[in-house]
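Report on one structure; see the data block that follows.
Throughout, numbering of the chain's residues begins at 1 and tracks the sequence.
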Amino acid sequence: MPVPPLVAAPAKKRSVLFVVNESVRSASVCTAYGTQCPVNPFSNAAAKDRIPFLQMRAMDSTTTISIGVMWSGLLPTASREEMTSAPLIWEYAHAASIPTAYWTSQNVLFGNQGRWVENLPLTKSVNATQLEENASLDAGAEDMRLFNHVIAEFPSLPDPFFGVVHLANTHYPYLLDDKDAPFQPETDDSGPINHDRLLNRYHDAIYHQDRGFGRLIDAVHASGRPITIVYISDHGEQMHEHGPHGHTGSLHEPEVHVPAWIDAPR
């Protein structure tokens, strides 16, 4: 479907960095700034003035549908044909002559996502297999590599720009760094008997990822540029509260209540 003619006439040339996380549930992190945030301390400290949305719910509990909703603006009940033919957010920005970027550590072979975004009018882009040849199909390439890439590349985009940073490592089996994993003991065995240790591993993955996210926020602030960071998770994660572990299977609170906030320059 074509994008209608658009003219960008912002009062301020405010860029947008849209950070989409993977499988992070509201119950595990601080959405609003707090003095005690053991799981996401780095982004919490870096974005103290963020505007939190404490009642944000995903409209589904699976990445494929969530990104369809976010990229296209359609309902989660839209057909695959509608989702893949509707203009996406980057195409609207491009039609208004705004440079665009899609930086992702997601493996776009999963669910054939690569075919969906391969012809987008992107000024900058990178995906999991470009960051890491043998990137995990589920947990993607290392988010730390993605953060390093974005920090190095966003300064070359003029204001205003629209960029999406799409993270991956907090998807099961939860990619972590053994040297940066304060929640112990941990395991990737998802059986209910291992609930506490599995939750520790999940929190270790968020913690390690958050270290890089904090660096990205700091880099945006240090640039002194009018860049607004919009942050959200695609869906949550159930930790046996209603029986199973993971997501996609239900619309219970752990799977749909997600952290969301906006960090905007004054």
For this session: Starting at NZ of Lys13, measure out to CZ of Arg225 and round the result to the nearest 0.5 Å.
Result: 11.5 Å
Scan the side chains in residues 31-43 for donor-acceptor partners under 3.5 Å anywhere in the protein, sequence neighbours excluded, and list what turns up.
| from | atom 1 | to | atom 2 | distance (Å) |
| --- | --- | --- | --- | --- |
| Asn40 | OD1 | Cys30 | N | 3.0 |
| Asn40 | ND2 | Cys30 | O | 3.1 |
| Ser43 | OG | Asp210 | OD1 | 2.5 |

Exercise. How about Ile232 and Met70: do any of their side-chain heavy atoms sit closer than 4.5 Å?
Worked result: yes
Exercise. If you measure from OG on Ser190 to CG on Leu198, what distance do you get to the nearest 0.5 Å?
Worked result: 6.5 Å
Problem set entry | Taking every non-hydrogen atom, the tightest pair across Ala47 and Trp261 | CB-CH2, 4.1 Å
Problem set entry | Under the side-chain contact (heavy atoms from CB on, under 4.5 Å) test, residues paired with Pro2 that sit two or more places apart | none
For this session: Grab the two heavy atoms, one from Ser125 and one from Glu153, that are nearest each other, plus how far apart they are.
Result: N-OE1, 4.4 Å
Exercise. Any salt bridge between Arg57 and Glu253, counting N to O under 4.0 Å?
Worked result: yes
Exercise. Would you say Ile206 and Phe183 make side-chain contact, with heavy atoms under 4.5 Å?
Worked result: no
Exercise. Between Leu146 and Asn148, is a side-chain contact (heavy atoms from CB on, under 4.5 Å) present by the stated rule, with each step listed?
Worked result: CA-CA 5 Å; Leu146 181 67; Asn148 291 339; over 6 Å; no
Exercise. In terms of ring plane angle, is the pair His252 and His242 parallel, tilted or perpendicular, where the classes change at 30° and 60°?
Worked result: parallel
For this session: With the side chain counted from C-beta on, respond yes when His149 and Gln130 share a heavy-atom pair under 4.5 Å apart, and no when they do not.
Result: no
For this session: Tell me whether Tyr202 is reachable from Val29 by hopping between hydrophobic residues (I, L, V, M, F, W, Y) whose side-chain heavy atoms are closer than 4.5 Å.
Result: yes
Problem set entry | Value rounded to 0.5 Å, distance of CG in Asn169 from CE in Met144 | 9.0 Å
For this session: Return yes if some donor-acceptor pair links the side-chain N/O of Ser15 with the main-chain N/O of Phe161 below 3.5 Å, else return no.
Result: yes
Exercise. Hey, are Asp143 and Gln209 close enough side-chain-wise for a donor-acceptor pair under 3.5 Å?
Worked result: yes
Problem set entry | Leu120 side chain reached by His94 side chain, heavy atoms, under 4.5 Å | no
Exercise. Minimum heavy-atom separation for Val258 to His235, with atom names?
Worked result: CG1-C, 3.4 Å
Problem set entry | Ser79 side chain to Glu82 backbone, donor-acceptor under 3.5 Å | yes
For this session: Could you state whether Ile217 and Val24 fall into the same hydrophobic cluster, counting links through intermediate Ile, Leu, Val, Met, Phe, Trp or Tyr residues with side-chain heavy atoms under 4.5 angstrom apart?
Result: yes
For this session: For this output row, return yes or no: ring centroids of Phe213 and Tyr231 closer than 6.0 angstrom.
Result: yes
Exercise. How would you list, by chain and number, every residue that makes a side-chain contact (heavy atoms from CB on, under 4.5 Å) with His171, sequence neighbours excluded?
Worked result: Glu22, Ser23, Asp138, His247
For this session: Treat each ILVMFWY residue as a node, draw an edge where side-chain heavy atoms are under 4.5 Å apart, and state whether Val20 and Val117 are in one component.
Result: yes
Seminar exercise, completed: Apart from Val256 itself, members of its ILVMFWY cluster (side-chain separation under 4.5 Å) are Leu251
For this session: Indicate yes or no: at least one non-hydrogen side-chain atom of Tyr102 is less than 4.5 angstrom from one of Thr104.
Result: yes
For this session: Compare every heavy atom of Tyr92 with every heavy atom of Leu6, then report the nearest pair and how far apart it is.
Result: CD1-O, 3.4 Å
Problem set entry | Shared hydrophobic cluster for Phe147 and Val220 (ILVMFWY, side-chain gaps under 4.5 Å) | yes
Problem set entry | For Ser72, all residues meeting side-chain contact (heavy atoms from CB on, under 4.5 Å), sequence neighbours excluded | Leu74, Met83, Ala86, Leu88
For this session: Show your working on side-chain contact (heavy atoms from CB on, under 4.5 Å) between His221 and Asp263 and close with a plain yes or no.
Result: CA-CA 10 Å; His221 289 174; Asp263 181 63; 2.6 Å; yes
For this session: Quick one: do His257 and Met56 satisfy side-chain contact (heavy atoms from CB on, under 4.5 Å)? Show the steps, please.
Result: CA-CA 6 Å; His257 191 185; Met56 183 66 72; 5.5 Å; no
Exercise. Roughly how far apart are Leu157 CG and Ile98 CD1, rounded to 0.5 Å?
Worked result: 12.0 Å
Exercise. Which value, rounded to the nearest 0.5 Å, describes the distance between Ile51 atom CD1 and Ile262 atom CD1?
Worked result: 6.0 Å
Exercise. OG1/Thr84 to CE/Met1 distance, rounded to the nearest 0.5 angstrom?
Worked result: 11.0 Å
Exercise. Considering only heavy atoms from C-beta outward, does the side chain of Leu17 approach that of Trp103 to under 4.5 Å?
Worked result: yes
Problem set entry | Partner set under side-chain contact (heavy atoms from CB on, under 4.5 Å) for Ala219, not counting sequence neighbours | Ile151, Phe154
Exercise. Given Tyr174, which of Glu186, His203, Arg201, Glu237 fulfils the side-chain hydrogen bond (donor to acceptor under 3.5 Å, both in side chains) condition?
Worked result: Glu237
For this session: Heavy atoms only: give me the nearest Ser61-Ser250 pair and the separation to one decimal.
Result: OG-O, 2.9 Å
For this session: Examine distances only and state if a side-chain atom of Glu255 and a backbone atom of Thr248 form a donor-acceptor pair shorter than 3.5 Å.
Result: yes
Problem set entry | Ile89 with Val3, same ILVMFWY side-chain cluster at under 4.5 Å | no
For this session: Flag the pair Asn107 / Ser136 as yes when at least one side-chain heavy-atom distance between them is below 4.5 Å, and no otherwise.
Result: no
Exercise. What do the steps show when you test Tyr207 against Leu176 for side-chain contact (heavy atoms from CB on, under 4.5 Å), and what is the final call?
Worked result: CA-CA 9 Å; Tyr207 180 90; Leu176 49 82; over 6 Å; no
Exercise. Is any side-chain heavy atom of Ile227 less than 4.5 Å from a side-chain heavy atom of Asp159?
Worked result: yes
Exercise. Is the closest side-chain donor-acceptor distance between Asp234 and His166 under 3.5 Å?
Worked result: no
Seminar exercise, completed: Tightest non-hydrogen contact, residues Ala181 and Gln184, listed as O-NE2, 3.0 Å
For this session: Indicate yes or no for a side-chain donor-acceptor contact from Trp90 to the backbone of Ala101 under 3.5 Å, with no hydrogens or angles considered.
Result: yes
